[in-house]
Every structure is written in structure tokens, then in C-alpha cells.
Amino acid sequence: MKKLILSILLLSIIFISCDGRGRRYKSNVEVLHESNLLKSFSTQTKFFPNESVEIITDTIFNNGFHVKLKYNALENDFISKTIQSNNDALIHNNYKNFEAIILVLKDEKIISKGIINKTLFQNHETPSFWKNAIMQYVWINYETSTDTHIILNTSFHIPETDIFKDFSISIDTFGNIEISKINLIESAI
């Protein structure tokens with residue numbers, strides 16, 4: 001019985017002496033660095049918007065036009081920007097690209113359907129702009145639409161900058177599409 005108590009006492013002394021006293025005076029960064037966990041704790045990934053976005057617009061004009069827009073965020077298509085925070089953590093900001101599926105009818109006949117995204121505008125701006133830009137908005141411009149044309153406006157933005165580019169999409173009664181750049185203040189709002 002004495003041997004059992006003595007062996008339990010020795011085992012408990014051994015376990016008590018292995019309490020991590022060596023780590024006691026190390027900072028959390030040093031402990032994480034030793035365990036090769038520092039990178040996983042010092043990197044953050046954020047998505048903007050962080051949830052799924054889908055906006056559906058269904059507009060009937062009194063001139064016979066009917067416009068259906070489905071504007072949504074693309075989950076696997078984004079622009080990444082990496083910044084370093086004050087505490088040396090890397091923050092990956094991922095800005096999702098958007099696209100709009102459009103259907104235009106005139107007197108209940110389909111005259112145009114397709115997808116509005118960056119590729120539709122490739123010839124209207126430099127490749128470096130399109131590499132960094134995301135679609136921000138698509139909307140029907142009621143004020144400039146006429147009896148023979150529906151006008152859509154769209155805006156593209158380079159995240160974390162003041163660079164915006166606006167475009168107008170004109171669709172006539174035959175479904176012909178004409179894209180033009182809207183010359184607002186070129187580089188800032």
C-alpha cells in the first residue's frame with residue numbers, strides 16, 4: 001500500500017513539474033510562432049458584401065417596353081485587396097463582382113436578353129481598370145428613356161479608391177444595344 005501511495009505521489013510530482021513554466025514568460029506571438037500557428041491567427045479574410053445579394057427589378061413602361069433585371073453578387077468572382085493592420089495582421093478584403101441578367105420586351109415580344117457585366121464594357125476602358133473594378137449599380141434611367149429607347153445606367157468602381165466610371169446602355173425597339181461612357185467627374189465623386 002505504501003508503494004502505491006509513493007508511486008502516485010511521484011507521478012503527481014512529475015505531472016505538476018510539467019506545467020509549461022517555460023512558456024510563462026513568452027508572449028502570445030512567440031508561443032504561436034513556435035507552434036507554427038502565427039500565420040493562421042494573423043490573417044483575416046473579409047468579403048464585401050459578406051452575404052448573398054440579389055435584387056430583382058420588373059418594370060413596365062406605358063410605351064410598351066417591359067424590362068426585367070436580376071442583379072446579383074458573384075460568389076466565386078472577386079477582387080482582392082490586401083492590407084496590413086496596426087498589429088501586423090494581414091487583412092484580405094475580397095470585393096465580389098456583380099452581374100445583371102436583363103430581359104427587354106417591346107409589346108410583349110422579346111427584343112433583347114443577356115448579361116450585363118464587365119466583359120460587355122471591355123472596349124470602353126483600359127484593361128488595367130477592368131482588372132481592378134467591380135460593377136456597383138445597374139438602374140433604369142426613367143428620365144432619359146423615350147418611346148423608342150430604354151436607357152440603363154451602370155457604375156463601376158475600383159474598391160478602396162475614389163475611381164468610378166459610369167456608362168449608359170441604350171436599347172432601341174429592335175433590340176440594338178449602344179454603350180456610351182457618361183462623362184461625370186472622371187476620378188472622384
- Heavy atoms, side chains only, cut-off 4.5 Å: are L152 and W139 in contact? no

- Identify the heavy atoms of S112 and I171 that sit nearest to each other, and give their distance. CB-CG2, 4.2 Å

- May I have the step-by-step check of side-chain contact (heavy atoms from CB on, under 4.5 Å) for I140 and I151, ending in yes or no? CA-CA 6 Å; I140 300 170; I151 308 296; over 6 Å; no

- Item | Heavy-atom pair of closest approach, residues M135 and N117 | CE-CA, 3.5 Å

- In terms of hydrophobic clustering (I, L, V, M, F, W, Y; side-chain heavy atoms under 4.5 Å; direct or indirect links), are V67 and I111 co-clustered? yes

- Query: To the nearest 0.5 Å, what is the distance between CD (E54) and CZ (F98)?
  - Reply: 11.5 Å

- Message: Please check if the number of heavy atoms outside Q84 that lie under 6.0 Å from its CD is greater than 12.
- Response: yes

- Query: Does a side chain donor of either E99 or N72 reach within less than 3.5 Å of an acceptor in the other side chain?
  - Reply: no

- Message: According to a hydrophobic-cluster definition based on side-chain heavy atoms being under 4.5 Å apart (Ile, Leu, Val, Met, Phe, Trp, Tyr only), do V138 and L103 belong together?
- Response: no

- Taking K181 for the side chain and H124 for the main chain, is one N or O donor matched with an acceptor at less than 3.5 Å? no

- Query: Nearest heavy-atom pair of K131 and I79: which atoms, and what distance?
  - Reply: O-CD1, 3.1 Å

- Taking the side chain as every heavy atom from C-beta outward, state whether I91 and K46 have any atom pair closer than 4.5 Å. yes

- Task: Flag yes if I116 and L105 sit in one hydrophobic cluster, no otherwise; membership is Ile, Leu, Val, Met, Phe, Trp, Tyr, and two members link when side-chain heavy atoms are under 4.5 Å apart.
- Result: no

- Message: I'd like to know if E125 pairs up with K165 as an ion pair, taking the criterion as any Lys NZ or Arg NE/NH1/NH2 lying under 4.0 Å from an Asp or Glu carboxylate oxygen.
- Response: yes

- Message: Would you say that E160 contacts N93 through its side chain, given a criterion of any heavy-atom pair below 4.5 Å between the two side chains?
- Response: yes

- Query: What distance separates D166 CG from F156 CZ, expressed to the nearest 0.5 Å?
  - Reply: 9.5 Å

- Task: Indicate, with yes or no, if the rings of F78 and Y95 have centres closer together than 6.0 Å.
- Result: no

- Query: How about T45 and N94: do any of their side-chain heavy atoms sit closer than 4.5 Å?
  - Reply: yes

- Message: Return the CG to OG1 distance between L69 and T57, rounded to the nearest 0.5 Å.
- Response: 5.5 Å

- D77 and K118: side-chain contact (heavy atoms from CB on, under 4.5 Å), yes or no, with the steps? CA-CA 12 Å; D77 185 7; K118 293 191 309 188; 5.8 Å; no

- Note on the structure: Minimal heavy-atom distance between T82 and H92, with the atoms involved, is OG1-ND1, 3.0 Å

- Message: L120 vs I179, test: side-chain contact (heavy atoms from CB on, under 4.5 Å). Steps then yes/no.
- Response: CA-CA 9 Å; L120 185 64; I179 298 173; 3.6 Å; yes

- Trace of the ring-ring contact (aromatic ring centres under 6.0 Å, His included) decision for F61 with Y142: CA-CA 9 Å; F61 289 83; Y142 300 101; 5.7 Å; yes

- Task: Starting at CG of D172, measure out to OG1 of T146 and round the result to the nearest 0.5 Å.
- Result: 9.5 Å

- Query: Strictly by modelled atom types, are H157 and D162 linked by a side-chain donor-acceptor pair under 3.5 Å?
  - Reply: no

- Heavy-atom neighbours of Y137 OH exceed 12 at 6.0 Å: no

- Query: Roughly how far, to the nearest 0.5 Å, is CG of N132 from CD1 of I134?
  - Reply: 11.0 Å

- Message: For F167, is there any backbone N or O sitting under 3.5 Å from a side-chain donor or acceptor partner on T154?
- Response: no

- Separation between CG (N63) and NE2 (H149), nearest 0.5 Å, reads 11.5 Å

- Message: Between I177 and I169, is there a side-chain heavy-atom distance shorter than 4.5 Å?
- Response: yes

- Message: Taking the side chain as everything from C-beta on, heavy atoms only, tell me whether K96 gets closer than 4.5 Å to L74.
- Response: no

- Item | From CA spacing to verdict: side-chain contact (heavy atoms from CB on, under 4.5 Å), F65, T59 | CA-CA 8 Å; F65 278 107; T59 305; over 6 Å; no

